[in-house]
2 protein chains.
Amino acid sequence: MITNRSDYILAIAEHGNISRAAKTLYISQSGLNQKLIKLEEELGLQLFQRNKQHLSLTPAGKIYVENAKKIQEIQKVTYAQLGELKDGARGDIFLGTTQAHGIDLFTAIFPLFHEKFPHINLHIQERT
Amino acid sequence: MITNRSDYILAIAEHGNISRAAKTLYISQSGLNQKLIKLEEELGLQLFQRNKQHLSLTPAGKIYVENAKKIQEIQKVTYAQLGELKDGARGDIFLGTTQAHGIDLFTAIFPLFHEKFPHINLHIQERT
DNA sequence: TGCCGTTACGTGAACCGTAACTATC
DNA sequence: GATAGTTACGGTTCACGTAACGGCA
């Protein structure tokens, strides 16, 4: 799972609590806090209102979270698409040729093929 | 302008050339190249086909670029929204009060106010 | 030779953890 | 005292630039 900045903020927003969010992300609460502060500084806007009991989203925070969710969704779809593509480039392919020089062709192309699709095993089967 | 990984890849795709893309991004071609290679390693997929003359998108690259554009658009909108919000918290506010102790109220609240909205200048005008 | 991608290498910055401080319950 | 956020400090990792190399017009 690839986590990025948006995920951290979404986790905080979800829990309304840096400490608990940090636990779910398997990072220190200090580190997560630093991330939040740094992002707010970069944006020049507070994303969370620090209350006594918990953190609540500011208007800016709501905008950020709303869009972060959209981005997260797109990323999810993207990785799914790429994952399929990667799995597709994995497996075995059996080739049959009736011509003797088919093997020559194969041996000429194989290095290039293997370079591009290292996870596909090509099997040549000559039939006389 | 905040640039992220997606922007780098989009620039390469646009120019079909790392060197030129690097110039438009004001970074070294070496650094941009390193970014691309690292991303491809993380994904486990090549995004660009290295041809003699130029770089062209692989199927995986096309998927990535397509989604990167969507994300870029969302980010653009997000920053625009946040920018408006930030500008809204900037300017001058003139307050008038007819009661003498209005000033006391003001002086009590002002520090908190200024902490949250440092870019708004509050002007108090007492009328007798 | 010039332009391209790639790699080696070093340095400055960024990340992020532990620990300590403060405030609230 | 328990739990919260914040800050200090430090070590490690990472980013990214310069320089050098190899392939191709």
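For the numbers below, each heavy atom of this structure counts, side chains included, while hydrogens, waters and symmetry mates do not. Chain A is the first sequence line, chain B the second, and so forth, proteins listed ahead of strands; every chain is numbered from 1. None of these values were measured; they are calculated from a predicted model.
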Check: A/Q46 main-chain N/O paired with A/T58 side-chain donor or acceptor under 3.5 Å:
yes

Looking at B/N67 and B/I63, would you say the former's side chain and the latter's main chain have a donor-acceptor pair under 3.5 Å? yes

Checklist entry - Thinking salt bridges, do A/K38 and A/E42 make one under a 4.0 Å N-O criterion? => result yes

Does OP1 or OP2 of [N] have a side-chain N or O of [X] closer than 4.0 Å?
| X | N | value |
| --- | --- | --- |
| B/K38 | D/dC14 | no |
| B/N51 | C/dC4 | no |
| A/N33 | D/dT6 | yes |
| B/K35 | D/dC16 | yes |
| A/S30 | C/dT18 | no |
| A/N17 | D/dT3 | no |

Between the NZ atom in B/K70 and the CD atom in B/E73, the distance rounded to the nearest 0.5 Å is 12.0 Å

Can you tell me how far [atom2] of [N] sits from [atom1] of [X], to the nearest Å?
| X | N | atom1 | atom2 | result |
| --- | --- | --- | --- | --- |
| B/L39 | C/dT6 | CG | P | 13 Å |
| A/K23 | D/dA2 | NZ | P | 14 Å |
| B/E41 | C/dT7 | CD | C1' | 12 Å |
| B/I27 | C/dG5 | CD1 | P | 12 Å |
| A/I37 | D/dA8 | CD1 | P | 11 Å |
| B/L25 | D/dG17 | CG | P | 11 Å |
| B/H15 | C/dG5 | NE2 | P | 12 Å |
| A/L55 | D/dA4 | CG | P | 11 Å |

Closest nucleotide among [options] to the [X] side chain:
| X | options | result |
| --- | --- | --- |
| A/I18 | D/dG5, C/dC16, D/dC16 | D/dG5 |
| B/S28 | C/dT7, D/dT18, C/dC4 | D/dT18 |
| B/R50 | C/dG5, D/dA4, D/dT7 | C/dG5 |

task: For B/D7 and B/Q72, test the side chains for any donor-to-acceptor distance below 3.5 angstrom and give the result as yes or no.
output: yes

Q. When only distance counts, do a donor and an acceptor, one from the side chain of B/Q34 and one from the base of D/dG17, lie under 3.5 Å apart?
A. yes

Review item, nucleotides 23-25 of chain C N/O atoms under 3.5 Å of protein N/O:
from: C/dT24; atom 1: OP1; to: A/K52; atom 2: NZ; distance (Å): 3.2
from: C/dC25; atom 1: OP1; to: A/Q53; atom 2: NE2; distance (Å): 2.8

Categorize B/L32 for me: base, sugar-phosphate, or nothing, with a 4.0 angstrom heavy-atom threshold over every strand shown. nothing

Taking for A/R5 and for A/Q29 the nucleotide of DNA chain C with the nearest heavy atom, the one nearer the 5' end belongs to A/R5

*Decide yes or no on salt bridge (charged side-chain N to carboxylate O under 4.0 Å, His left out) for A/E40 and A/R50, but give the supporting numbers first.*
CA-CA 13 Å; A/E40 289 180 331; A/R50 273 72 166 176; 3.0 Å; yes

Give a yes or no on whether A/I74 and B/Y8 share a hydrophobic cluster (residues Ile, Leu, Val, Met, Phe, Trp, Tyr; joining criterion: side-chain heavy atoms under 4.5 Å apart).
-> no

(request) Decide whether B/L47 and A/Y79 are clustered together by the hydrophobic rule: side chain heavy atoms of Ile, Leu, Val, Met, Phe, Trp, Tyr closer than 4.5 Å, transitively. (result) yes

